[in-house]
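This report concerns only the one structure given below.
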Amino acid sequence: MKVSAAHWIDIHVGWLICVFLHAWQKVRKIFRPAPASRIAEPKNILIVKFWGMGSVLLTIPALRLLKRLHPQVRITFVTLRQNKDICRLIGEIDVVEAIDFSSGLLAFLSGTLRVLARLRKTYFDEAIDLEFFTKFSAIFTSFVRARVKIGFFERISWRGRLYDLEVPFNGYWHVTDNFINAVTGKEKEPASPVLAKLDLANRRDKYKIEVILREKGVDRSREKIIVINPNAGELVLLRRWPKESFARLAGGLLQRTAAHLLFVGSFKEHAYVQAIIEEARRISPGSRPRLFNLAGELSVDELAALLGAANLFISNDSGPLHLACSLGVPTISFFGPETPVLYGPRGEGHKVFFKNLSCSPCINVYNNKRPVCRHSSNICLSLIQVEEVLAEALKLLPE
């Protein structure tokens with residue numbers, strides 16, 4: 001199912017369903033009042049977060065804190081199928097349920113009903129919806145059997161008041177802190193960033209990446225590895241730094257360092273990545289042995305293992321950026337249509353480029369992340385100069 005069609009259905013059809021469920025909730029609460037507070041010692045919690053690999057990764061600090069506060073709690077996580085492998089890397093998640101969004105409307109609805117049927121066999125202490133303001137997630141959560149249902153609330157994005165407890169979304173807080181507030185009820189922004197870290201030490205994918213690097217002639221003990229992601233997923237292509245800039249940056253890195261550059265992306269992005277590599281080879285003749293296109297060749301687990309071996313990761317605002325941050329890898333990232341205030345990497349070893357124009361950011365949680373650029377091109381990103389990025393990359397590369 002196309003994202004544009006899903007947005008239309010969520011806004012218009014979802015609104016009608018929310019109206020009906022809102023009326024039903026008001027009648028039901030006459031006979032069974034909603035709980036006034038969270039469960040003191042929850043044993044079984046459901047987390048709903050469908051969209052965004054990066055957003056899923058940004059839930060880790062909240063899940064980690066939840067496990068620390070309630071060591072015996074069992075966390076079930078509901079997401080889309082493309083995020084299932086990422087969820088399996090997160091040790092705090094005990095059970096993953098996934099819905100297929102890519103096979104058409106009927107398959108999506110039937111898959112949703114099957115997941116709901118399985119979930120309704122369990123009576124959860126809390127069901128927490130971490131989607132920002134989609135009506136689908138609110139409707140989904142309303143059909144779950146739970147003592148308390150919790151979700152974000154904002155009057156602009158009406159969702160029928162379907163939650164027992166409504167949590168404000170603070171647009172001045174990092175998304176990580178909003179998730180912590182929703183999951184644990186900790187209303188104050190943490191004094192220091194809670195960093196998410198994934199442990200891949202015992203995964204067989206790490207060995208496979210070592211094999212791939214050896215096959216390409218990369219000796220990690222002697223040469224630096226820079227992984228580059230010039231993509232931003234299909235949801236908002238406007239988040240991509242111009243491919244010409246990526247090509248010039250790659251050419252500059254080849255000329256100024258002895259590092260190997262490994263480009264990543266999905267299968268659909270392979271040709272786009274290859275065009276960047278060819279331009280970089282034109283800029284820096286003789287660099288062929290140090291440029292590699294791995295777009296479409298790695299699973300999520302293998303991508304994580306590759307990032308774990310990298311000395312530096314350069315990326316647009318995207319899911320792989322947050323994966324690199326979760327692995328403690330130094331990063332350079334580009335923001336413009338979206339704000340780093342909400343999604344930027346946290347902690348040391350990260351450089352964010354954001355020009356903070358008057359029209360930027362133009363996508364947010366209130367407009368379903370639909371781009372509304374007022375220019376013919378995303379100047380918020382094109383104004384980021386290759387020379388300034390190259391200078392920061394040289395600073396972040398270890399000696």
Side-chain angles (χ1 to χ4, degrees), residues 1-3 6 44-64 66-67 74-122 124 127-132 134 136-137 140-141 143-144 175 179 183 196-200 202-206 208-209 229 231 233-235 264-269 295-308 318-327:
M1 182 166 50
K2 292 184 177 180
V3 174
N44 210 357
I45 288 181
L46 176 71
I47 303 291
V48 178
K49 187 70 187 82
F50 293 114
W51 280 273
M53 181 178 86
S55 292
V56 169
L57 287 164
L58 290 174
T59 68
I60 298 176
L63 302 181
R64 189 153 294 171
L66 181 63
K67 285 280 191 177
R74 178 180 174 86
I75 298 176
T76 300
F77 201 101
V78 183
T79 189
L80 296 182
R81 189 182 67 176
Q82 60 261 36
N83 297 324
K84 192 171 184 178
D85 289 339
I86 279 292
C87 290
R88 287 174 173 165
L89 293 177
I90 302 173
E92 287 73 21
I93 297 176
D94 299 294
V95 179
V96 181
E97 289 283 358
I99 299 172
D100 188 1
F101 182 71
S102 61
S103 301
L105 179 60
L106 291 179
F108 174 68
L109 292 176
S110 62
T112 300
L113 292 175
R114 285 194 297 272
V115 170
L116 270 175
R118 288 196 295 270
L119 292 175
R120 285 183 61 83
K121 295 177 181 178
T122 302
F124 295 95
I128 306 172
D129 178 12
L130 292 184
E131 280 304 325
F132 301 115
T134 63
F136 170 73
S137 64
F140 182 94
T141 306
F143 283 103
V144 172
V175 166
F179 287 157
V183 170
K197 291 292 176 64
L198 299 180
D199 182 11
L200 303 175
N202 298 318
R203 299 192 63 82
R204 62 182 181 182
D205 305 291
K206 185 176 180 180
K208 183 173 181 179
I209 289 301
N229 173 40
N231 314 288
E234 296 182 72
L235 186 61
V264 296
S266 68
F267 176 78
K268 292 181 180 179
E269 294 160 341
E297 297 183 14
L298 304 176
S299 67
V300 170
D301 290 0
E302 291 162 356
L303 173 62
L306 174 63
L307 293 178
S318 62
L321 170 64
H322 300 294
L323 180 58
C325 294
S326 298
L327 294 164

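Quick caveat: nothing in here was measured; it's all calculated off a predicted structure. Hydrogens, waters and symmetry mates play no part in the numbers below; they use all other heavy atoms, side chains included. Position 1 is the first residue of the sequence; numbering continues from there.
Asp94 places a side-chain N or O within donor-acceptor distance of the main-chain N or O of Ile75, the cut-off being under 3.5 Å. For the pair Ser137 (side chain) and Asp129 (backbone), a donor-acceptor distance under 3.5 Å is absent.
Taking the side chain to side chain contact (heavy atoms under 4.5 Å, CB included) definition, one finds that Lys268 meets it with Glu234, Ser266, sequence neighbours left out. With sequence neighbours excluded, the residues forming a ring pair (Phe, Tyr, Trp, His ring centres under 6.0 Å) with Phe50 are Phe136, Phe140, listed by chain and number.
In this structure, Lys67 does not pair ionically with Glu92, as no charged nitrogen and carboxylate oxygen lie closer than 4.0 Å. Asp100 and Arg81 are joined by a salt bridge, as a carboxylate oxygen and a charged side-chain nitrogen come within less than 4.0 angstrom of each other.
Taking CG of Asn44 as the start and CZ of Arg74 as the end, the distance is 6.5 Å to the nearest 0.5 Å. To the nearest 0.5 Å, atoms CG (Leu105) and CG (Leu109) are separated by 4.5 Å. Thr112 contributes atom OG1, which lies 11.5 Å from atom CD of Glu97 (distance to the nearest 0.5 angstrom). Interatomic distance, CG of Leu46 versus OG1 of Thr141, reported as 7.0 Å (0.5 Å rounding).
Looking only at side-chain heavy atoms (C-beta outward), Glu302 and Ile209 come within less than 4.5 Å of each other. Side-chain contact check for Val175 versus Phe132: some heavy-atom pair is nearer than 4.5 Å. Under the 4.5 Å side-chain criterion, counting only non-hydrogen atoms from C-beta, Leu119 is not in contact with Thr122. The shortest distance between side-chain heavy atoms of Asp301 and Asp85 falls below 4.5 Å. Side-chain contact check for Met53 versus Gln82: every heavy-atom pair is 4.5 Å or farther apart. Side-chain atoms of Val144 and Val48, non-hydrogen and from C-beta on, never get closer than 4.5 Å to each other. Using a 4.5 Å heavy-atom cutoff, the side chains of Ile45 and Ile128 are in contact. By the 4.5 Å heavy-atom criterion applied to side chains, Ile47 and Val78 are not counted as neighbours.
Minimum heavy-atom separation, Val96 to Cys87: CG2-CB, 3.7 Å. Contact between Asn231 and Val264 at its shortest, heavy atoms only, is ND2-O, 3.0 Å. Listed here is the closest heavy atom pair of Trp51 and Asn83: C-ND2, 4.4 Å. Contact detail for Pro61 and Leu58: the closest heavy-atom pair is CD-O, 3.5 Å. When every heavy atom of Ile60 is checked against every heavy atom of Ser326, the shortest pair comes out as CD1-OG, 4.3 Å. Across every non-hydrogen atom of Ala98 and Lys84, the tightest pair is CB-CD, 3.9 Å.
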Inset, instruction - Applying side chain to side chain contact (heavy atoms under 4.5 Å, CB included), run through Val56 and Ile90 and close with a yes or a no. - result: CA-CA 10 Å; Val56 169; Ile90 302 173; 4.2 Å; yes
Inset, instruction - Apply side chain to side chain contact (heavy atoms under 4.5 Å, CB included) to the pair Ile86 and Leu89, showing each step before the final yes or no. - result: CA-CA 5 Å; Ile86 279 292; Leu89 293 177; 4.3 Å; yes
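Ser318 and Asn229 share a side-chain donor-acceptor pair at under 3.5 Å.
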